[in-house]
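Notes follow the structure.
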Amino acid sequence: MSANDRLARHFEAIANLMQLLGEDGFRVNAHTRAARVLGDLSTDASSLDRKTLLEIEGIGPKIADKIIEFISSGSTAEFADLNAKVPPGLLPLLEVPGLGPKTLRTLWTEGGIVDEASLRASIADGSILKLPRMGAKSVEKLRQSLDFARTVHARIRLGQAMPIAEHIVARMKAQKGVVRAAFAGSARRGRDTVGDLDILVSTSDADFKNEALVAPISALFRAMPEVRHVLASGDTRSSIQFALNAEDQRWGATESENPDANKGQVKGPVIQVDLRIVPECSFGAALAYFTGSKDHNVHMRERALSMGMTLNEYGLYPDDSSEEPPHKRGVTPVAGTTEESIFAALKLPYIPPEIREDHSEFNLNATPTLITIADIKAELHAHTTASDGRMSIIELAERAKARGFHTITVTDHSRSSAQANGLSIERLLEHIDSIHAARAQVPGITILAGSEVDILADGSLDYPDEILAKLDVVVASPHTALSQEPATATARLLKAIMHPLVHILGHPTGRLINRRPGLEPDMAALIAAAKKNNTALEINAHWMRLDLRDVHARATVEAGALLSINCDVHEAEDYDNLKYGVLTARRAGAVAESVINTWPAEKLHAWLKTKRR
DNA sequence: GCCGTTTTCGGCCCGACTGTTTTCAGTCG
């Protein structure tokens, strides 16, 4: 875990303890916010001095001091004080859905409940019913939540969640009376994992007033064959658990990841999906609202207030400081049909969903021209049947050409990757000849000979320099020794970045999302070296990897170093993962120019040759 | 505990839903 992640967890723990101790909610919020800011920071917080820390929005003098204390000692006195006052088994219960800090505090202070065992015991003997606001229904819900808790909060990888979202949206669009349908939430923002899916559907304004037209849309949603459990059911709002397809992926991505998922009514991995139905005039407001992020929304609403307006999921309204919400009183909204109208009314440029994280998007003067899938003109990391790919050189190239690419590079594994059928030097030399021979068979695209060369544990490369020099493209990637100490990993990767024959550092950390954390190098040092040595850092687009991850890609963009988005193609379908890599780059604020795969052929080929002199 | 095109003190986003309540507290997104 990185230093930033450790800090984020520490402040999150402080906030949770404060809540259980009944401390001021605004102080709690300040710590929660600090935790989020630290977790999203693109630079290593432990490298920042107090003055720099204070420049970060959401970090003031007190929290800055605590950050410094944590970095030097590994904890804080405040945490120790708070932690000593709360039973150790209490904190995990905050994860139980529907059980919040206020209720948990009451259970503890008035009911003597200190952990899951004593909570279950007090439910079993009925003593919990004597506590305030604890009726039969609440207790039954709580009992069910305890059983479901383990299965619900696992976040699902973007590449598994998004196809489900698209599938449900398509189904909803086909339903009578539906005008528009879209998915929102963190899937729309392109986060590497999502907690749940938010599906938004609109009907015409007239239809929306007719319950007999709206209710069947919700009913259809709840009746989909993949629904395993209905969590809430209303006319305009429903929640379900949707079964994930346990298909066999390259990494067996869905196999046995929710060991507790087979308890109760749920079979196999599931994802929660929420549906909201709104009238067409509110679709933009609702889309913005459910896309979030939460912090971005808070900022938007504060901005609306400062401009004499109030913003909710139904629209942007003049603020008349009335008690009842404006949409219930028939107030005409200033904006709401489209997201664009809301940003415009708040005197903001349109902010793309991927950067709605309340980082610096409110300082923008114009909509940034973030990179798009259409900008990508080359795939620089692809495997064939020579190592562990499924396609021949010809098929690989034809597929790339069909996507409008001007260049495809064949980068099979190097000799140390025995499990991936890595090429010996002799086989590599033959393979280069085969690649050259293939050029005549697939005109209209440049086929380059390369290799995905293992970066060995000590930072040396898997082929000698005289062999690497024969290749048009060298992608150097770590595949083994992925549990190295950060300092060792940094030195190892720096060696590869500075190697004069290396073009691209492939999947720099080697992480597999929800599977293994990978290396934790000093990313600022890698980025600085990449810029100095004119080496590109890869965003590996496979949804299991997304490596670089968003915040590191952002740091790369901010430093002015080069990125390369690659699908790491093993089979034809892998080309479709490009969208996840592009979403990650967009979250980083990347424009096309900073990604070498967008460059025209002449420019890209010339750049590759700069490492061959 | 943070922050400032009303403010260095006094604020700090909005609505739906649920269950427990006779008017609201708590949770969630």
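Values below: all heavy atoms of this structure, side chains included; hydrogens, waters and symmetry mates excluded. Every chain is numbered from 1, with letters handed out A, B, ... down the list of sequences.
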### Task
Go through A:Arg188 and A:Thr291 one step at a time and tell me if the side-chain hydrogen bond (donor to acceptor under 3.5 Å, both in side chains) criterion holds.
CA-CA 7 Å; A:Arg188 181 163 180 244; A:Thr291 296; 2.8 Å; yes
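- Separation of the P atoms belonging to B:dC17 and B:dC12 is 25 Å when rounded to the nearest angstrom.
- Of the P atoms belonging to B:dT23 and B:dC28, the separation is 26 Å, rounded to the nearest Å.
- Checking A:Arg301, A:Arg356, A:Glu361 one by one against A:His296, the side chain to side chain donor-acceptor pair (under 3.5 Å) holds for a single residue, A:Glu361.
- Atom CZ of A:Arg27 is separated from atom C1' of B:dC3 by 16 Å (rounded to the nearest Å).
- Between A:Ala64 and A:Phe26, the residue whose closest nucleotide on DNA chain B is further toward the 5' end is A:Ala64.
- Whole-Å rounding puts the A:His31 NE2 to B:dC3 P distance at 13 Å.
- A salt bridge is absent between A:Asp295 and A:Arg33; no separation between the charged side-chain nitrogens and carboxylate oxygens falls under 4.0 Å.
- A distance of about 45 Å separates the C1' atoms of B:dT5 and B:dT21, rounded to the whole Å.
- The CD-P distance, from A:Glu55 to B:dC2, rounds to 15 Å in whole Å.
- Comparing B:dG10 with B:dG19, their P atoms are spaced 41 Å from each other, to the whole Å.
- Using a 4.0 Å cut-off between charged nitrogen and carboxylate oxygen, A:Asp65 and A:Arg50 count as a salt-bridge pair.
- Protein atom CG of A:Leu82 is 10 Å distant from nucleotide atom P of B:dG1, rounded to whole Å.
- When rounded to the nearest whole Å, the span between CG of A:Asp358 and P of B:dC13 equals 12 Å.
- A distance of about 23 Å separates the P atoms of B:dC2 and B:dT6, rounded to the whole Å.
- Residue A:Asp24 is classed as a base contact, given a heavy-atom separation below 4.0 Å to a base.
- Of the charged side-chain nitrogens involved, none lies within less than 4.0 Å of a carboxylate oxygen, so that A:Glu354 and A:Lys579 do not count as a salt-bridged pair.
- Relative to the side chain of A:Leu305, the nucleotides B:dC14, B:dG15, B:dC3 differ in distance, and B:dC14 lies closest.
- Here B:dC2 presents its C1' atom at 10 Å from NZ of A:Lys62, a figure rounded to the nearest Å.
- Separation of the P atoms belonging to B:dG11 and B:dT18 is 34 Å when rounded to the nearest angstrom.
- Note on A:Lys66: only backbone sugar-phosphate atoms sit closer than 4.0 angstrom, heavy atoms only; bases stay farther off.
- Across B:dT8 and B:dC3, the matching C1' atoms stand 9 Å from one another, rounded to whole Å.
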### Query
Could you run down nucleotides 16-29 of chain B 5' to 3' and tag each one B, S or - for protein heavy-atom contact under 4.0 Å?
SSSBSS--BBSSSB
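- With respect to the salt-bridge test (charged N to carboxylate O, under 4.0 angstrom), the residues A:Glu313 and A:Arg276 qualify.
- Within 4.0 Å (heavy atoms only), A:His299 reaches no atom of the nucleic acid at all.
- Of the nucleotides present, B:dC14 is the one that pairs with B:dG29 by Watson-Crick or G-U wobble criteria, both distances under 3.5 Å.
- Between A:Arg143 and A:Glu140 there is a salt bridge, since a side-chain N of the basic residue sits under 4.0 Å from a carboxylate O of the acidic one.
- Across the protein-nucleic acid pair, A:Asn297 atom CG and B:dG15 atom C1' stand 12 Å apart, rounded to whole Å.
- The phosphate of B:dG15 has OP1 or OP2 within less than 4.0 Å of a side-chain N or O from A:Asn312.
- The nearest whole Å value for the distance from the CD atom in A:Glu302 to the P atom in B:dG4 is 10 Å.
- For B:dT20 and B:dA25, the C1' atoms lie 9 Å apart once the distance is rounded to whole Å.
- A salt bridge links A:Arg587 with A:Glu357: the closest approach of a Lys/Arg side-chain nitrogen to an acidic carboxylate oxygen falls below 4.0 angstrom.
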